[in-house]
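Structure first, commentary second.
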Amino acid sequence: MFVSFEGIEGAGKTCALKVLADHLQRQGLDPLVTREPGGTYLGRGLRSILLDARTRHLSPRAELFLFLADRAQHVAEVIVPALEAGQIVLCDRYVDSTLAYQGHGRGIDVEWLRTACLSATDGLMPDLTLLLDLPVNCGLGRAGQRNREEGTVISEGRFDAESIRFHEQVRQGYRILAEEEPDRIAVVDASQPLDDVGMQCISAFTKCQQRMGRG
Ligand code: Z5A
């Protein structure tokens with residue numbers, strides 16, 4: 001199974017992914033945990049360019065093609081081999097990030113983006129996407145505090161510096177994507193305490209497993 005985690009900045013994707021990974025490990029499974037951008041050697045280089053607040057004047061299309069290069073390499077080098085080996089793959093961000101950020105956020109045509117993403121991934125889409133939804137001010141507040149504590153305000157801060165309007169467009173974009181694909185995208189109330197968010201993710205995962213006949 002291929003599961004992606006999506007949501008605005010600070011939604012709690014990384015924490016929720018860890019809860020699901022721990023749950024699967026307790027069942028004796030060995031999920032592959034990975035992320036975009038940055039799931040490969042190439043991707044880590046691209047990530048440092050894409051997220052650094054000192055990266056100036058990146059055009060929306062240049063930004064898009066860097067994310068797509070990261071994904072194409074990630075799919076070929078990490079995700080497909082793991083799926084072929086029978087592993088469950090848990091991925092922090094994937095195609096829906098491109099549709100929400102570069103599409104709904106930056107204004108690139110979403111249908112054109114879908115085609116570009118399919119080309120980069122050779123058509124690979126997640127079986128389940130967990131969309132962690134919460135108000136923008138709540139997510140930005142959490143992420144800001146974490147970045148200050150970890151000293152990553154500059155090195156990972158380029159998207160944090162976008163306007164509240166941009167982040168609202170991204171959140172709204174995600175909600176539209178979830179309405180369009182309710183079978184794939186499960187919306188999780190990420191404003192709740194982490195234990196509750198984790199339970200919602202485990203429950204959606206179990207339902208998907210049963211739907212796919214693997215429960
Ligand atoms: N991007 C793009 O534009 N196009 C693309 O195609 C792709 C990405 C793939 C990647 O950043 C940036 O690239 C992203 C979109 C863009 N930028 N933005 N915005 P990233 O994925 O590395 O970073 P992020 O999305 O900003 O994630 P994050 O800041 O790491 O947030 P998170 O993973 O969702 O949250 P977290 O680290 O799990 O939690 C954040 C803090 O909140 C932390 O201190 C936790 O302890 C706390 N937390 C978590 N859950 C809770 C709950 N439930 N209650 C209270 N506190 C909580």
Side-chain angles (χ1 to χ4, degrees), residues 4-21 33-40 43-44 46-53 55 58 60-75 79 90-108 110 113-114 116-117 120-121 126 129-153 155-164 166-171 173-174 177 188-201:
S4 63
F5 288 71
E6 295 282 358
I8 59 166
E9 173 93 355
K13 298 174 296 298
T14 311
C15 291
L17 190 155
K18 191 171 178 313
V19 172
L20 182 56
V33 171
T34 188
R35 70 170 176 182
E36 291 190 0
T40 62
R44 284 186 280 284
L46 294 174
R47 180 181 177 91
S48 67
I49 295 168
L50 281 161
L51 300 198
D52 196 316
T55 300
L58 198 54
R61 278 178 195 262
E63 178 184 87
L64 166 68
F65 283 107
L66 294 180
F67 278 118
L68 293 183
D70 167 73
R71 185 163 305 132
Q73 187 65 26
H74 190 212
V75 167
I79 299 178
L90 305 180
C91 187
D92 198 338
R93 296 193 179 279
Y94 190 64
V95 162
D96 298 296
S97 282
T98 306
L99 303 179
Y101 281 83
Q102 281 62 55
H104 292 276
R106 301 273 192 237
I108 301 177
V110 173
L113 281 175
R114 280 187 209 278
C117 286
T121 62
T129 295
L130 295 163
L131 170 56
L132 275 70
D133 182 56
L134 82 176
V136 164
N137 59 356
C138 181
L140 290 183
R142 285 181 189 173
Q145 187 179 343
R146 188 225 27 222
N147 291 351
R148 283 190 295 278
E149 284 168 9
E150 294 183 356
T152 53
V153 172
S155 62
E156 300 235 329
R158 195 168 69 87
F159 281 89
D160 311 38
E162 292 289 342
S163 65
I164 296 290
F166 174 83
H167 291 286
E168 292 285 5
Q169 284 170 336
V170 172
R171 182 188 185 201
Y174 271 128
L177 296 173
V188 169
D189 179 358
S191 66
Q192 300 301 308
L194 182 57
D195 282 352
D196 186 78
V197 172
M199 288 309 295
Q200 293 179 63
C201 292

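For the single chain, residues carry numbers from 1 onward in sequence order. Atoms within each ligand, like the ligands themselves, are counted from 1 in listed order.
Of all atoms in ligand 1, numbered sequentially from 1 with element shown, those under 4.0 Å from a heavy atom of Ala11 are 34 (O). Set against the non-hydrogen atoms of Pro193, the atoms of ligand 1 under 4.0 Å away are 53 (N). If you number the atoms of ligand 1 from 1 as listed, the ones under 4.0 Å from a heavy atom of Arg47 come out as 20 (P), 22 (O). If you number the atoms of ligand 1 from 1 as listed, the ones under 4.0 Å from a heavy atom of Thr98 come out as 5 (C), 6 (O).
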Notebook entry, point to check: Please walk me through it: do Leu113 and Arg106 pass side chain to side chain contact (heavy atoms under 4.5 Å, CB included)?
Noted result: CA-CA 12 Å; Leu113 281 175; Arg106 301 273 192 237; over 6 Å; no
Next item on the list: Assess whether side chain to side chain contact (heavy atoms under 4.5 Å, CB included) is satisfied between Thr55 and Leu50, documenting all intermediate values.
Entry: CA-CA 7 Å; Thr55 300; Leu50 281 161; over 6 Å; no
Check: Could you walk me through whether Ser97 and Phe5 pass the side chain to side chain contact (heavy atoms under 4.5 Å, CB included) check?
Finding: CA-CA 9 Å; Ser97 282; Phe5 288 71; over 6 Å; no
Check: Can Glu9 and Glu162 be said to form a side chain to side chain contact (heavy atoms under 4.5 Å, CB included), step by step?
Finding: CA-CA 11 Å; Glu9 173 93 355; Glu162 292 289 342; over 6 Å; no
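Side-chain atoms of Arg93 come within 3.5 Å of backbone atoms of Gly7 as a donor-acceptor pair (strictly under, hydrogens ignored). Remark: the backbone N or O of Asp189 is paired with a side-chain donor or acceptor of Gln200 at under 3.5 angstrom. Between the Ser163 side chain and the Phe166 main chain, a donor and an acceptor come within less than 3.5 Å of each other. A donor-acceptor contact shorter than 3.5 Å links the side chain of Arg71 to the backbone of Tyr94. Using a distance-only test at 3.5 Å, with no hydrogens or angles considered, a donor-acceptor pair links the side chain of Asp70 to the main chain of Gly38. Remark: the backbone N or O of Ala11 is paired with a side-chain donor or acceptor of Arg142 at under 3.5 angstrom.
Not close to ligand 1: Gln145, with no non-hydrogen atom less than 4.0 angstrom away. Distances shorter than 4.0 angstrom occur between a heavy atom of Arg71 and an atom of ligand 1. Residue contacts with ligand 1: Gly10 is included, with a non-hydrogen atom under 4.0 Å away. In this structure, Lys18 has no heavy atom closer than 4.0 Å to ligand 1.
Of the polar atoms of Gly12, at least one N or O is found under 3.5 Å from an N or O of ligand 1, judged by distance alone. The distance criterion of under 3.5 Å between nitrogen or oxygen atoms is not met by Tyr94 with respect to ligand 1. Remark: ligand 1 and Pro37 share no N or O pair separated by less than 3.5 Å (distance only, no angle test).
Phe159 and Tyr101 have their aromatic ring centers within a separation under 6.0 angstrom.
Between Ile49 and Arg158, the shortest heavy-atom distance links the atoms O-NE, 4.4 Å.
Counting only heavy atoms of the protein, atom 46 (O) of ligand 1 lies nearest to Cys15 SG, 4.0 Å. When hydrogens are left out, the protein atom nearest atom 33 (O) of ligand 1 is Thr14 OG1, 2.5 Å; that is the closest non-hydrogen contact. Closest protein heavy atom to atom 11 (O) of ligand 1: Leu51 CD1, 3.8 Å. Among protein heavy atoms, atom 16 (C) of ligand 1 sits closest to Phe67 CZ, 3.7 Å.
With distances taken over non-hydrogen atoms, the option nearest atom 44 (O) of ligand 1 out of Arg106, Arg146, Gln102, Arg35 is Arg146. With atom 25 (O) of ligand 1 as the reference point, the heavy atom nearest to it among Gln192, Glu150, Glu9, Arg93 is part of Arg93. Checking Glu162, Glu36, Lys13 against atom 34 (O) of ligand 1, the nearest heavy atom belongs to Lys13. Of the candidates Glu6, Glu156, Arg142, Arg142 brings a heavy atom nearest to atom 56 (N) of ligand 1.
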